[in-house]
Amino acid sequence: MQRTKISVLLRTEPTGTEVLVKGWVKAFRNNQFIALNDGSTANNIQIVVSENTDPELIKRIKFGAAIGVQGTLLESQGKGQRVEIAASNITIYGDVNLEEYPLQPKKQSLEFLREHAHLRFRTNTFAAVFRVRHALAFAIHQFFNERGFFYIHTPIITASDAEGAGEMFRVTTLDPKNPPLDEQGNVDYKQDFFGKTTNLTVSGQLEGELAATALGDIYTFGPTFRAENSNTTRHLAEFWMIEPEVAFADLNDNMNLAEDMLRYVITYALEHCADDLKILEERLLEEEKSKPQDQRSEMSLTEKLRFVTENNFERLTYTEAIDILKNSNPNKKGKFQYPIEGWGVDLQSEHERYLVEKHFKKPVILTNYPAAIKAFYMRLDEGAEPGKETVSAMDILFPGIGEIVGGSQREERYDVLLQKMQAMHIPEAELSWYLDTRRFGSCPHAGFGLGFERLILFVTGMTNIRDVIAFPRYPGSAEF
RNA sequence: GCUUCAUUAGCUCAGUUGGUUAGAGCGGCGGACUGUUAAUCCGUAGGUCCAAGGUUCAAGUCCUUGAUGGAGCGCCA
């Protein structure tokens with residue numbers, strides 16, 4: 001007999017049809033009722049064990065055991081569920097020794113579960129997180145596909161170390177204890193696998209631009225690696241990034257695209273993950289009970305998500321933000337650890353948090369940052385007064401997360417780009433292929449990078465990025 | 001990398017100014033229970049107090065160093 005998934009059975013009319021379910025025992029009550037879950041949904045199906053079941057079999061129905069149940073789907077006689085299965089036959093696929101099984105039928109801390117990441121999928125919270133993660137990934141592809149974007153796979157291994165997006169992981173097949181040396185006694189990477197030094201990618205943007213300047217609208221969605229010694233709740237050494245790149249688009253088009261995309265995928269999650277979001281909302285509520293009143297969020301998780309889908313993001317320039325911050329109460333009262341003194345300095349996370357969480361109380365798009373604090377490829381704004389040059393950059397800041405999107409209109413003018421690369425000491429020889437886009441049929445274009453795990457953080461209400469990726473990689477940790 | 005807090009039973013935590021035999025809830029185990037919903041009820045076992053060194057008549061408690069974990073900051077997505 002073919003097994004039916006619990007997600008399907010819970011929507012089926014209970015007319016006494018014969019069904020087969022397979023899953024894991026979540027609870028066994030009163031020697032009679034099994035709460036069974038197969039991962040297809042956050043909800044369990046209730047199995048009613050018949051009175052004449054072998055007592056030896058009943059003893060093996062324990063929390064975590066994998067079982068199969070054949071029986072009839074009936075309207076539930078008890079309250080709390082619509083349907084249940086009256087079992088006629090129960091098969092044990094995998095027993096569980098509860099004296100050794102780390103998981104327990106009770107609340108367990110996220111820290112403990114992180115150390116048992118191979119088993120944490122089995123908890124209600126993590127199963128919900130990973131179903132939402134899937135839904136968001138799917139929604140992103142659907143969003144871009146509907147708009148005629150092409151999904152480009154950019155390389156994971158790159159020979160370029162000039163992208164300037166952070167420290168890189170070296171890729172090599174050389175023996176670290178006995179590497180070949182050149183005449184000067186340095187490691188001879190000409191003898192390495194690729195004949196040169198190679199690294200894991202920190203961004204697919206530059207390759208994405210190559211595709212966009214032919215295919216028009218493209219996006220990438222792939223793993224990204226940063227060897228930064230970052231120890232925070234919002235950084236990973238291995239994470240997933242979405243990077244759209246759009247030909248003939250300016251900064252405004254870029255902001256509209258990013259805002260539309262975020263609204264689209266969050267709406268998708270609200271529509272398709274209601275059961276999972278309910279679990280996550282309750283989890284968050286429980287977690288916040290231990291916090292002092294003034295640190296609890298004013299809105300529930302789904303209210304927060306709806307708020308984002310129903311309201312426009314606040315758009316303002318870096319210069320306007322500096323004015324607001326300079327005149328803000330915390331700045332005047334010396335509450336900022338880094339006081340705002342003038343134009344030109346980068347904003348600290350306390351400043352971003354003030355703008356997003358206190359001043360505007362909504363997502364904020366900051367634009368037109370000083371050129372000196374941004375990457376070489378961002379387009380230089382025209383008409384700036386000398387010493388106050390800005391670039392067409394944009395950062396989208398979300399409450400509780402900070403920067404979720406970073407992007408810009410790209411510098412399409414060959415001379416301007418070359419000049420900036422020289423000023424910022426970017427080796428042009430290594431990026432000649434990139435410069436070629438500006439030499440031949442150059443066009444205005446824009447794009448951004450979205451941190452996928454940061455998006456999941458926001459949608460799930462989880463607070464540590466290590467809990468929204470299955471097996472997190474961060475300094476000192478690459479388990480599983 | 002910096003700052004800070006923590007580490008006591010399987011899990012989450014309490015443990016007074018240093019002073020007998022280190023506690024609780026949940027979980028486990030044994031039993032009862034056929035309309036339960038984090039089921040309930042009865043019984044029961046379970047400890048290298050993170051590690052090493054030091055102070056002291058006496059250290060879970062104080063000091064030093066280290067390890068691991070959390071949070072914040074920096075770097076960013």
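Letters go in sequence order (proteins before strands), and every chain restarts at 1.
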Q: Paired with B/G69: which nucleotide, if any, by Watson-Crick or G-U wobble criteria at under 3.5 Å for both distances?
A: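 B/G69 is paired with B/C5.
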Q: What interatomic distance, in whole Å, is found between C1' of B/G19 and the corresponding atom of B/C62?
A: 14 Å
Q: Any luck finding a side-chain donor-acceptor pair between A/Y377 and A/Q205 under 3.5 Å?
A: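 Yes - a donor-acceptor pair under 3.5 Å links their side chains.
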Q: Please confirm whether the shortest side-chain N or O distance from A/S76 to OP1 or OP2 of B/G35 is below 4.0 Å.
A: no
Q: When you check the phosphate oxygens OP1 and OP2 of B/C73, does a side-chain N or O of A/R234 lie under 4.0 Å from one of them?
A: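 Looking at the OP1 and OP2 atoms of B/C73, one of them is under 4.0 Å from a side-chain N or O of A/R234.
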Q: Just compare B/G25, B/G28, B/U37 and give me whichever is closest to any side-chain atom of A/L98.
A: B/G28
Q: A/T233 side chain: which of B/G72, B/G35, B/A77 is closest?
A: B/G72
Q: Rounding to the closest angstrom, what is the interatomic distance between B/G69 and B/U12 at atom P?
A: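 Comparing P positions in B/G69 and B/U12 gives a spacing of 15 Å.
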Q: With a cut-off of under 6.0 Å to the ring centre and 45° to the axis, is A/R263 in cation-pi contact with A/F313?
A: yes
Q: What nucleic acid atoms does A/Y338 come within less than 4.0 Å of, heavy atoms only: base, sugar-phosphate, or nothing?
A: sugar-phosphate
Q: Please work out if A/Q46 contacts a base, only the sugar-phosphate, or nothing of the nucleic acid, heavy-atom cut-off 4.0 Å.
A: base
Q: Closer than 3.5 angstrom, by distance alone: can the side chain of A/N97 be matched with the main-chain N or O of A/Y101 as a donor-acceptor pair?
A: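 No; judged by distance alone, with no hydrogens or angles, the pair does not exist.
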Q: Pick the C1' atom in B/A6 and in B/C50, then give their distance to the nearest Å.
A: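 My reading of the C1' atoms in B/A6 and B/C50 gives 11 Å.
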Q: If B/A52 has a Watson-Crick or G-U wobble mate with both distances under 3.5 Å, name it; if not, just say none.
A: B/U64
Q: Do you see a donor-acceptor pair shorter than 3.5 Å between the side chains of A/E207 and A/T154?
A: no
Q: Using a cut-off of strictly less than 4.0 Å, decide whether A/R353 has a side-chain nitrogen or oxygen near OP1 or OP2 of B/C73.
A: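 Yes.
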Q: Under 4.0 angstrom, heavy atoms only, what part of the nucleic acid is A/A27 near: base, sugar-phosphate, or nothing?
A: sugar-phosphate
Q: Using modelled atom types only, decide if a donor and an acceptor are shared between the side chain of A/E243 and the backbone of A/G204 within a distance under 3.5 Å.
A: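 Such a contact is found between A/E243 side chain and A/G204 backbone.
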Q: Nearest to the side chain of A/T232, which nucleotide is it out of B/A77, B/C73, B/G69?
A: B/C73
Q: Please give the distance between the C1' atoms of B/C42 and B/A14 as a whole number of Å.
A: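 Nearest-Å result for B/C42 against B/A14 at atom C1': 26 Å.
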Q: For B/U12, which nucleotide is its Watson-Crick or G-U wobble mate, given both distances must be under 3.5 Å?
A: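 Looking at the geometry, B/U12 pairs with B/A24.
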Q: Answer with base, sugar-phosphate or nothing: what part of the nucleic acid does A/F112 contact at a heavy-atom distance below 4.0 Å?
A: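 Counting heavy atoms under 4.0 Å across all strands, the contact made by A/F112 is with sugar-phosphate only.
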Q: With distance as the sole criterion, do the side chain of A/Q337 and the base of B/G74 form a donor-acceptor contact below 3.5 Å?
A: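 A donor-acceptor contact between them is absent.
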Q: Heavy atoms under 4.0 Å, any strand shown: does A/K62 hit a base, just sugar-phosphate, or nothing?
A: sugar-phosphate
Q: In terms of the nearest nucleotide of RNA chain B, which residue is placed more toward the 5' end: A/E403 or A/E51?
A: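 So the residue in question is A/E51.
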Q: Pick from A/D381, A/T319, A/T390: which one makes a side chain to side chain donor-acceptor pair (under 3.5 Å) with A/N368?
A: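 When side chain to side chain donor-acceptor pair (under 3.5 Å) is applied between A/N368 and each of A/D381, A/T319, A/T390, only A/D381 qualifies.
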Q: Can you tell me if A/E314 uses its side chain to pair, donor with acceptor, with the backbone of A/V364 under 3.5 Å?
A: no
Q: Under 4.0 Å between any heavy atoms, over every strand shown, what does A/E111 touch: base, sugar-phosphate, or nothing? Just pick one.
A: sugar-phosphate
Q: Suppose you measure atom P in B/C63 against the same atom in B/G25; what distance do you get, rounded to whole Å?
A: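 About 32 Å, rounded to a whole number of Å.
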Q: With respect to the phosphate group of B/G70, does any side-chain polar atom (N or O) of A/R466 fall under 4.0 Å of OP1 or OP2?
A: yes
Q: Under 4.0 angstrom, heavy atoms only, what part of the nucleic acid is A/E352 near: base, sugar-phosphate, or nothing?
A: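 The answer is nothing, as A/E352 stays clear of every strand by at least 4.0 Å.
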Q: With a 4.0 Å cutoff (strictly under), does any side-chain N or O of A/R29 reach OP1 or OP2 of B/A39?
A: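 Answer is yes, contact under 4.0 Å.
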Q: Please give the nucleotide sitting opposite B/A45 as a Watson-Crick or G-U wobble pair, both distances under 3.5 Å, or none.
A: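 For B/A45, the partner nucleotide comes out as none, under the 3.5 Å rule.
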Q: For A/Q77, which contact category applies under a 4.0 Å heavy-atom criterion: base, sugar-phosphate, or nothing?
A: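 The residue A/Q77 makes base contact.
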Q: Which base sits across from B/G18 as a Watson-Crick or G-U pair, both distances under 3.5 Å?
A: none
Q: Considering only the P atoms, how many Å lie between B/C41 and B/G60, rounded to the nearest integer?
A: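 Roughly 36 Å separates the two P atoms.
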Q: Which residue, A/R147, A/H141, A/E245, forms the side chain to side chain donor-acceptor pair (under 3.5 Å) with A/Y219?
A: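 The single option meeting the side chain to side chain donor-acceptor pair (under 3.5 Å) with A/Y219 is A/H141.
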Q: Using only modelled atom types and a 3.5 angstrom limit, is any donor from either the side chain of A/Q81 or the base of B/U36 paired with an acceptor on the other?
A: yes
Q: Is the phosphate of B/A71, meaning OP1 or OP2, less than 4.0 Å from a side-chain N or O of A/N464?
A: yes
Q: Closer than 4.0 Å, any side-chain N/O of A/N30 to the OP1 or OP2 of B/U36?
A: no
Q: List, with names and distances, any nitrogen or oxygen atoms from the protein found under 3.5 Å away from nitrogen or oxygen atoms belonging to nucleotides 44-48 of chain B.
A:
none

Q: Could you measure between the two C1' atoms, the one in B/U37 and the one in B/A51, and give it in whole Å?
A: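 The same atom, C1', in both gives a distance of 45 Å.
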Q: Out of B/U36, B/G10, B/C73, which nucleotide sits closest to the side chain of A/Q104?
A: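 When the side chain of A/Q104 is considered, B/G10 is the closest of B/U36, B/G10, B/C73.
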Q: Under 4.0 Å between a Lys/Arg side-chain N and an Asp/Glu carboxylate O for A/D38 and A/K5?
A: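 So A/D38 does not pair with A/K5 through a salt bridge.
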Q: Below 6.0 angstrom between ring centroids: does that apply to A/Y318 and A/W343?
A: yes
Q: For A/L236, answer base if it contacts any base atom (sugar-phosphate contacts may also be present), sugar-phosphate if it contacts only those atoms, and nothing otherwise; contact means non-hydrogen atoms under 4.0 Å.
A: base
Q: Quick check on B/G74: is either OP1 or OP2 less than 4.0 Å from any side-chain nitrogen or oxygen of A/Q348?
A: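 Indeed, a polar side-chain atom of A/Q348 lies that close.
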Q: At under 4.0 Å, does any side-chain N or O of A/S230 touch on OP1 or OP2 of B/C75?
A: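 Indeed not, no polar side-chain atom of A/S230 lies that close.
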Q: Would you mind telling me which residue lines up with the more 5' stretch of RNA chain B, A/S349 or A/F239, judged by nearest nucleotide?
A: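 Its nearest nucleotide being more 5', the pick is A/S349.
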